[in-house]
Amino acid sequence: MYVRGTVADEVDVRSVSTSYGESELAEVPLRVADDGIEPPGDATPTLGDGGTAAITDGDETTTVTLWNKWTESAELLEPGMELLVTNAKEEEYQGETQYATTGDSYVVVEPSFLVSVTSIRNWVECPRLYYLNKLSGVPLNYPVVKGTLVHEVFGDLLRGRDLEESIEARIEERGLQLGLLGETPDAVAEDVRENATAIEGWLEQGRLTEDDNWRSEQLLISETFGIRGRADAIRRGAPVELKTGKNLKKEPRFKDKVQAACYALLLEEHGGDVDTGTLLYTKNSALDRNEETGDLTPAKDFSMGDGLLKYVVRLRNEIAAMEMSGDIPTGYEADAKCEYCFEQDACMVVSGRLDQESKAGQIGQPLPEAEREYFERFYRAIEEERHEVHREYAKLWEQSAEERADDDRALIDLEFVEKRPLEGSRWELRARREGGATSKLREGDLVLASDGHPVRGDSELARIERLDDEIVLTADEPVEVTRLDVYPSELTTDRLLVAMHDALLKGDERRKDILFGRSEPEFEAIDETFIDNNERQNEAVTKAVGAQDCALIHGPPGTGKTYTIAQAIRAMVERGERVLLSAFTNRAVDNALEATLEQLENVIDTDRVVRVGSESGVREDMESHRLERAGDPDDRVAKLQNAQVVAATTATCGSRVMKEQAFDVALVDEAAQLTEPGTCAAINLAERFVLVGDHEQLPPVVRAENDLTESLFERLVDLYPDAGVMLDRQYRMNQRIQAFASTEFYDGQLRPATPSVAGRTLDDLEGVSSEALPATLQDPVTFVGVEGDRSRYTDSEEAARIADLIEAYEAAGLEHSEIGVIAPFRAQVSEISKHVPDDVAVDTVDRFQGSSQEVIIVSFTATDTLEGPIFEDYRRINVALTRPKRALVLVGDAQALASDPVYERMLAWARR
DNA sequence: CCTCTGCGGAGAGGA
């Protein structure tokens, strides 16, 4: 039987005398949900749909007694934390039903917080090591890259690939990294071969027989233990861990055992019964020495007792509890000796600078208080984001397949078509979906591909190669795919944390003076005209070029931001500077890059403009500039080092490869959509920075409400008005259209760049005659009142009216491709899509940002009131209303719109 | 109450 619930009160641990002698116990008051208790005989949680329901008020409070070692986990408990006890027994006490741990119980603190196996492995060595790893990441270094290569070759061997072929191919794939490390393919091959031969020899020692039943690289997630990880290999159901290092002792290292034990727990939940683990220390090897040394083969088998598995769960509980409480580990939690630790210096510096308690001691002066306060604030905010990612994981088993599909987080009920082995030991999987099924999944995404359930079934990490009615995936292992789930990745949060750490602990002092408002940005006087027909654009380029620290370019809709950026980069390149061009989205990076390439055409060889990013992220027409990772090391590294302009998303700027690069200037576009740490990822790489954006348009997308919602751009614009320039002439909208946005969001400063822009109408378009339009649509801005169907996120009446409007425009000679429809909700987007022709662009506000259209129709999808966060953020209407060039139609319920002052003014303007 | 893009996954090792 298992018991799951929320800790209702403080927990005391005490000693009692029992018939077995002195024992420790903790009585945990637990608020248990209706289905938080499973009937006896069920050792594991129900594997049916639904899982454990949320705890509600009417739930019962009971007492769960945790015995002996589990009291260590009890000490970690605080009211409000989730607790899960497996194999509990039911007891009657004073007429009340209570529960207690048995010899077979596991106690799991905050089970929905998924701890990675690596975290547990680091933590057991020293909790501080775990923390440092999270904070500063692992830089590019050869031993780590080599280790990864050996693992890849190991996987290939298990999948039957030829050794030499595998080594060559895997080294080729890592050309760029190896080049940056100054390694040659031959030397690396020699190194890898040494380890790999040991593996191969061991495999050939008759151990790889038909019934050995191997599987390599399996991603495992445990909803019971709250652990996830990827096992190197599984042999006859037991974990095999590969180590590239040396171990001449008889026993495996303790942390390695712990790692294997984690996989054993994960396998146990997947129906296994594991009592041994194998560690493969491939540097030990030299099989020829086998006879002299007796048992010095690379493999060390060890038996995994119950005690070890439970110990691992307690370790995991320590991490979960610490992460929930937000505490910082000191290192005293562990017995590890700091003097032998590789991270001792880093540890002391971090604790010294951040004034943290640390077993290793502190080095250096603490950062100023404002910086420490900043660190703590953002650390907390980023960790909250991480928790949201963990909650996404929990939904993998808390939600039913149908719920996930409704949430667009999964494609379900796929028809498995085939699995086909590919060259290089990967597999191609194909499945078919019913037409019309939508999801957040896109080509290039990493997904959980499963034969029915992403956690409980056979499941594998796969990449979407093609996403049509037939879906094509690639994966390391074959899975008979019938379902795909969004894979919740912590990568972005990891990189945000590291970027913030680098900005504060590695950033130069001058830069920090700017970030912390201690010093005004300075500018070199530049006596040059860059753009002669737009004063503000020219001023912006002048500021960008002359900035000693930073410049801020505020670009409202249609004001030629991208062109200004391209001009600024051109001027910088002409001065011989190395420039980083970055933005949050791939789309924005490619847009800016395209404009930049135009400007640089006759300035430098455009081979020296390099786009760093994944194949699926980079726009097709920029592919020729994309830096392929694979190839000859010297060649790859030369291409990057010689690049004078490098373009990459901010997330990529946080990658190990990009962190090796240095620039004179970082230019960040769409900077108002970036969190502060996100911006830091880019500007950390350069001496000076230029941020370009518009804080009156959409803010950063974050999962949790916290300090990440304000961009660095916005903060600095407020802090240093003199460092900024606002572009004030727009080249997009008819004057009538721009009027509202100008007064409402830009103090009336936004104006048409030329009389012809101001006077733009549909009649300018070839074959269009506005006379053919109904009288109500003659004005460039129109309001169309619709009562609405009173549903929450959709409105079929609005959708129907919009279809009529499109017909009217079509009759007047407009092409479908010249019309765009914007709605606040995705549900309404798909509702409208049903009513209008396929080639009319229908999308959410968020996705329309950055583009424009001749005609824009906005569906407000609100009846009676405007409640809801989507309407409260006025920046969203600013974006919606500034997309059209020649005509704007607002469709909605006038009464609802009039209930909010801003919307009411909008209504007045539209109805004029 | 909603909007939703990134990312070589996770883990690789040094005594």
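Heavy-atom basis, side chains included; hydrogens, waters and symmetry copies ignored. All values derive from a computational prediction rather than experimental measurement. Here is how names work: the chains are called A, B, and so on, in the same order as the sequence lines, proteins then strands, and each is numbered from 1.
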- Message: If I compare all heavy atoms of A:Ser711 with all of A:Ala671, which pair ends up nearest, and what's the gap?
- Response: CB-O, 3.6 Å
- Note on the structure: Scanning both residues in full, the closest heavy-atom pair of A:Asp893 with A:Glu798 reads N-OE2, 4.3 Å
Minimum-distance nucleotide to [X] side chain [options: [options]]:
X: A:Pro143; options: B:dA12, B:dA10, B:dG14; answer: B:dG14
X: A:Val138; options: B:dG11, B:dA12, B:dC7; answer: B:dA12
X: A:Arg847; options: B:dA10, B:dT5, B:dG14; answer: B:dT5
X: A:Thr244; options: B:dA10, B:dG13, B:dG6; answer: B:dG13

Quick one: label [X] by what it contacts on the DNA or RNA (base, sugar-phosphate, nothing), any heavy atom closer than 4.0 Å.
X: A:Lys146; value: nothing
X: A:Tyr130; value: nothing
X: A:Gly617; value: nothing
X: A:Asp494; value: nothing
X: A:Glu173; value: base
X: A:Thr844; value: sugar-phosphate
X: A:Arg253; value: base
X: A:Tyr793; value: base
X: A:Thr650; value: nothing
X: A:Arg656; value: base
X: A:Arg629; value: base
X: A:Glu152; value: nothing
X: A:Thr649; value: sugar-phosphate
X: A:Phe584; value: base

- Query: Quick one: A:Leu114 CG to B:dG11 C1', roughly how many Å, whole number?
  - Reply: 17 Å
- Message: For Watson-Crick and G-U wobble pairs within 3.5 Å on both distances, what is DNA chain B written in dot-bracket notation, | included for inter-strand pairing?
- Response: ...............
- Report the residue from A:Asp407, A:Asp843, A:Asp408 that forms a salt bridge (Lys or Arg N to Asp or Glu O under 4.0 Å) with A:Arg826. A:Asp408
- Which value, in whole Å, describes the distance between the P atoms of nucleotides B:dT3 and B:dC7? 23 Å
